[in-house]
Amino acid sequence: MPRKLTASVPVALVLALAGAGAAFAAPGGVGPPGPNTPSGEAISRLYWIVLGLCAVVFVLVETALILFIVRFRRRRDTPESAEGPQIHGNTRLEVIWTVIPAIILAALAIFTFTQIPAVQAQGVEDEAHLTIRVEAHQFYWEYRYPGGETTVDTLYLPVDEPVELELTGMDVIHSWWVPALTGKMDAIPGRINSLRFVPETTGDFEGKCAELCGVQHAFMPTTVTVLDRDEFESTLASQQEVLALGKATWEGACATCHGLDGQGDVGPPIAGNGTLTNPEALHDLLLTGQNTPQFDYYMPPVGRGWPQKQFDALSAYIKSSKTLSTAPPATTGGGG
Ligand code: CUA
């Protein structure tokens, strides 16, 4: 028995070491990625301190466990039915192993509460800041800027400027999560949740929808692109050009389910479809969605909340694309 035990310890250690490489190679190592914001720094700090404390407790408990298993194992000359010494209670020991965890938990709670203002970037709301409305849809993200600009799936931000996101859901609950910047926040229909942070590094930061919201939940990514002020303004302006906005809207709102060329995916093929090429019919369908028993597919009302310019931009983009505006040659068989 002991020989088996002594053999399994090095095996476990080798396995742990083998896994450690992969864990540390992940973005941010075993910790959160970033941080690229003061909020992210607070989250990282919290993470490492909690992890460190847990690691100390883990090592102490496991060491005691292994020592006891070895030290108090049954000896070869003891019969299997023999009982160990009968012990009844030890008040001092029980008080100690209740008080120590209580102190550890209290310390963790106090430390966590001291970090909350930093995580939530409290105080940032008092500074001049950029407020951007985030509308989560099945299955894309719509960003609305103070100047009336709109971008889809990519959020553009100026570096070193406090930002406040006002998140809401347009159909079901989603969750906005860009771990390299800050924590996640739910986007809930009928209410507005605020998320504040100050991006301190330029670059692209990838995020995901973190709340199961339907068939394409796994295909609801978002990117935050942090730029210098000048670049931010010019990029945002270029994204408002009709075809750019139309293309972004097509790719985010339509292609996620119908494929980039409208060839069909979880949604039916729509390239060249009469509704797609008729701006009025398309406008109505985008607002109402499709949810009747006669229709095989459920379609979310993806155009809910769009300004007219976005409907127009989408139609203009569809018209500009030969693939989307022309019906594909009829093929035999197949069928969506
Ligand atoms: Cu939206 Cu998951």
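Counting convention: from 1, in listed order, for ligands and their atoms alike.
A side-chain contact (heavy atoms from CB on, under 4.5 Å) with V226 holds for exactly one of T37, T201, V159, D204; it is V159. Of the candidates W306, W250, Y317, F311 forms a ring pair (Phe, Tyr, Trp, His ring centres under 6.0 Å) with just one, namely W306.
Inspection of the Q239 and T151 side chains reveals no N or O donor paired with an N or O acceptor under 3.5 Å. For the 3.5 Å distance criterion, the side chains of Q120 and R196 fail to qualify, holding no donor opposite an acceptor.
The N, O or S atom of H217 with the smallest distance to atom 2 (Cu) of ligand 1 is ND1. Residue-level check: among N/O/S atoms of E211, O sits closest to atom 2 (Cu) of ligand 1. Closest to atom 1 (Cu) of ligand 1 among the N, O or S atoms of H174 is ND1.
Annotation for F139 and C213: closest pair CE2-O, 3.6 Å, computed over non-hydrogen atoms.
Coordination check, M220 versus atom 1 (Cu) of ligand 1: passed, since an N/O/S atom of the residue sits under 2.8 Å.
Here the angle at atom 1 (Cu) of ligand 1 defined by SG in C209 and SG in C213 stands at 120°, rounded to 10 degrees.
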